[in-house]
J.: 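Below you will find the structure I want to go over with you.
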Amino acid sequence: PYLEIIENPKSRGFRFRYTCEGPSHGGIPGGSSDKNKKTFPAVKICNYQGYARIVVQLVTNEENPRLHPHSLVGKQCQNGICTVQCGPKDMTATFPNLGIQHVTKKNVATILEERYIAAEMQLSSINDGFPQEVQRNIKGEILIVFRHEDRKRISVKATSEAKSIDLSVVRLMFIAYLPDSNGAFTIMLKPVISDAIFDSKAPNAATLKICRMDCNAGSASGGDEVYLLCDKVQKDDIQVVFSEEDMQGNNIWEGYGNFSPTDVHRQFAIVFRTPQYRDVDIKQPVNVQVQLRRKSDHEVSEAKPFTYLPNKSDLELIDRKRRKPMPDFVDHLGNGNTGAEPTEGTYGPHYAPQAQQNKNGTGELGSVFFLFYDNITNHFNPPYLDKYVSSSTLTRIFKSNAYKCLHATQGLNLNLPLYIPKLTKHHGIYISRTGLCKGSIASLWIVESRYFKSGAKNNSILSLTKKWAERNSTALHDYSITGDVRMLLVLQRHLTSIRDHSGDSVLHVAVIHDQLEVLSSLLDVVATLDNKQSIVDAINKQKQTALQVAVLTDNVEAVIDLIKMGANPLILDSYGNHSIHVACRHGNASILYHLLNSKQLDIMQMDMKNHDGLGCFHLAAKASQGTRQCLGLLKSNNFNVNMADTKSGRTALHLAVEMDNLVVAGCLISECDADMEAATYEGYTPLHVAASLGLCEIATLLLACGADPDASTSPPGSENGITPADLAASDQMRDLLNGIKLPFNPKITQNIFSDIAQLDEILRLKLCKLLNAERTGSDWLALAERLSLGSIVTFIRHSENPTNTLLDNYMVS
DNA sequence: CGGGAACTGAT
DNA sequence: CATCAGTTCCC
């Protein structure tokens, strides 16, 4: 006969209870238990039929199990042990009511001692007479008492073992006893031990749970900051895992959220950066899963969805706009261009809004008028829009809104007094929605129906129309002579304020389509308008000005043109970025230079933070190119290198350190005088960050430049601050911070400069002479760049022989 | 049965 | 002594 476990207890999710919590909290469920079908631990005696006794007790989760001080409590439990009878037919035993009672730390030794005594008593009752003595109490009853030395031995053993017992995990040990010839259950079968049961309340076994995330989508290139709220975790033992499964449910990709223990806030929140997706160039959003994972036991939380989006930038939208099919001029012929006779009473948009020639060769037919309203829809809302409106209605509208009909006609001198057409019952009107995106402009086509029948009278509308037609044809002629498109544009200058459905003005569109000459012509024409500033600085639906679009597309010429026309670089887009922010983010030093020199800008405004709480220095430090030049420009324009970001109080130097970017960090320190001791909201200096991330090279740089290795998160005088050494991610880092020099361990990188490293003396002298000869130093500066030593140029600039110093440094590095 | 607060020990 | 993580108790 042998004993076998047919249902193991569930390993996780069960909570041990203290005595004070009472005995009734439900029993350990079985491993396969679920909500609908509950199971419980169960064992079976095989190869035997008849009565049997089964004893269950708790043991440790070790290779050689010891008795555990926790107690089993429940229906058939006594003294921490559960005893049941089974048989004679059904030889299985299930345990539906096994609770685990948590011994307090204080009592571990005492309880353990009791366990050992009970065990030895049990043993002696079987083996008869082993370490006990028989005494009688006052009433003469037999008491079994341990000899003093045995008691002592057990006590010592209990005390010493108490320390090493893990109170957060137990296993069930089942022992079956079969009856002997006397019917006493003394025949012991081999004990069997269950899977481990972890206390769900123990910090290192608690259920992992993601409660909330501040965002669940990010770009495929990763690096997006996410704030995750969770149930209690341990900061050194937790990961944020991103994973993706294929159709078959196989795990095909895994990435880890990027954070250090210092980013775990009080056990309940993690601030991390998303990992890069396996394919940075996805075209469609990809859904993946995020979960918490405990490093020590690989337990995971339930997964939450996360979506990787195609690397989206403002450029994305611009690209889309660029991909639209190119218009063709014949698209604009319209239906009325042949001069077809309109039918009375049906004055629709197809009656061409351009002056047409009559039989006498003068342009004086149905004309187009544009009304510039603050908000025309207030007056021409349905029922008037896109409809024929009678002259009496029209007159009423005109009269009531006369003061708003500012520039009543196209092609007329803007300074003319407001012109209100005199209307008769023979006039009709069609108000088109065209150009109404912004609700500011309507085209108003007024047609005198009588005209078509009986020829024109000397009507003011007609005389204006005639003027307009003449100017148009003259312009066209002048254009033919000069090829100067501005001849045509100037007649349409008022239309430059019209936006398309994306909110883009003609200036935006010209920049988007890289039409530099067009942009220049348009700007010249716009310059003649009184409201030129509002047109140049118009924003589209992303709140971008034409200048912003030019910066976004790295279009230096367009930037220069727009700035010349007085474009304002400080207008904010929907992310709170002004043009200077965008230039910094792009690392486009040339554009940045022009923006900074555009006019007298207010440093306070230039140096403000965007909606992500980042300033220009932050954005430039994060840029993937042109960083050094941009940082230099910012510095020389008095931007604040030590500005803290709004979200966490980090400076640009903190960011550079986080990115493990030696060059940028070096540049910030040596060329921009970044404060080495700048502290985040939590009090961390850049050295703290480097230490916690285990970035030895950066830490070496910081230390070499004078960072305080004893910087503390709390003010001087207080003893309780955290120093970089407290956060050191490795022993190597600790040594570094304690001033122990690391063994020189050169990285083998590209070998392309091996020739330079091996120059013989003569060649080297010649090279120095050549490069030093250029007085501005541009030659050896270029060499420094190529050797990736750009960050030290300040140090060697004043050297007598800069090239030589540079080469020396190169050898060393 | 789960949430959470009070208490305590370690640093 | 303050603070944080871990333990115990209460509801």
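None of these values were measured; they are calculated from a predicted model. Naming: A, B, ... by sequence-line order, numbering from 1 per chain.
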J.: Using atom NZ of A/K209 as one end and atom P of B/dG2 as the other, report the distance to the nearest whole Å.
T.: 11 Å
J.: Closest to the A/R17 side chain: B/dG3, C/dA5, C/dG6?
T.: B/dG3
J.: If we count only N and O atoms by modelled type, under 3.5 Å, do the side chains of A/R212 and A/Y227 hold a donor and an acceptor together?
T.: no
J.: So which one's nearest nucleotide on DNA chain B is more toward 5', A/K106 or A/D231?
T.: A/D231
J.: Take the protein atom NZ of A/K105 and the nucleotide atom P of C/dC9, then report the distance between them rounded to whole Å.
T.: 14 Å
J.: Looking only at the side chain of A/K201 (C-beta and beyond, no hydrogens), which of the listed nucleotides B/dC1, C/dA5, B/dG4 gets closest?
T.: B/dG4
J.: Distance check needed: B/dG2 P versus A/Y18 OH, whole Å only.
T.: 17 Å
J.: How close or far is atom P of B/dC1 from atom CZ of A/F14, stated in whole angstroms?
T.: 8 Å
J.: Can you tell me the distance, in whole Å, between the CG atom of A/D237 and the C1' atom of C/dA5?
T.: 14 Å
J.: Whole angstroms only, please: what is the NE2-P distance between A/H265 and C/dT3?
T.: 14 Å
J.: If you measure only the distance, is there a donor-acceptor pair under 3.5 Å linking the side chains of A/S164 and A/R66?
T.: yes
J.: Whether the A/T110 and A/N107 side chains hold a donor-acceptor pair (N or O, under 3.5 Å, no angle test) is what I'd like checked.
T.: no
J.: Within this structure, what is the CD1-to-C1' distance between A/I100 and B/dC1, rounded to whole angstrom?
T.: 15 Å
J.: Can you tell me how far P in C/dT8 sits from the matching atom in B/dC1, rounded to whole Å?
T.: 22 Å
J.: A/K232 has an atom NZ; how far is it from atom P of B/dG4, in whole Å?
T.: 12 Å
J.: Considering non-hydrogen atoms only, spot the tightest contact between A/P9 and A/D195 and give its length.
T.: CG-O, 4.1 Å
J.: Is there a donor N/O on one and an acceptor N/O on the other, under 3.5 Å, for the side chain of A/Q267 and the base of C/dC4?
T.: no
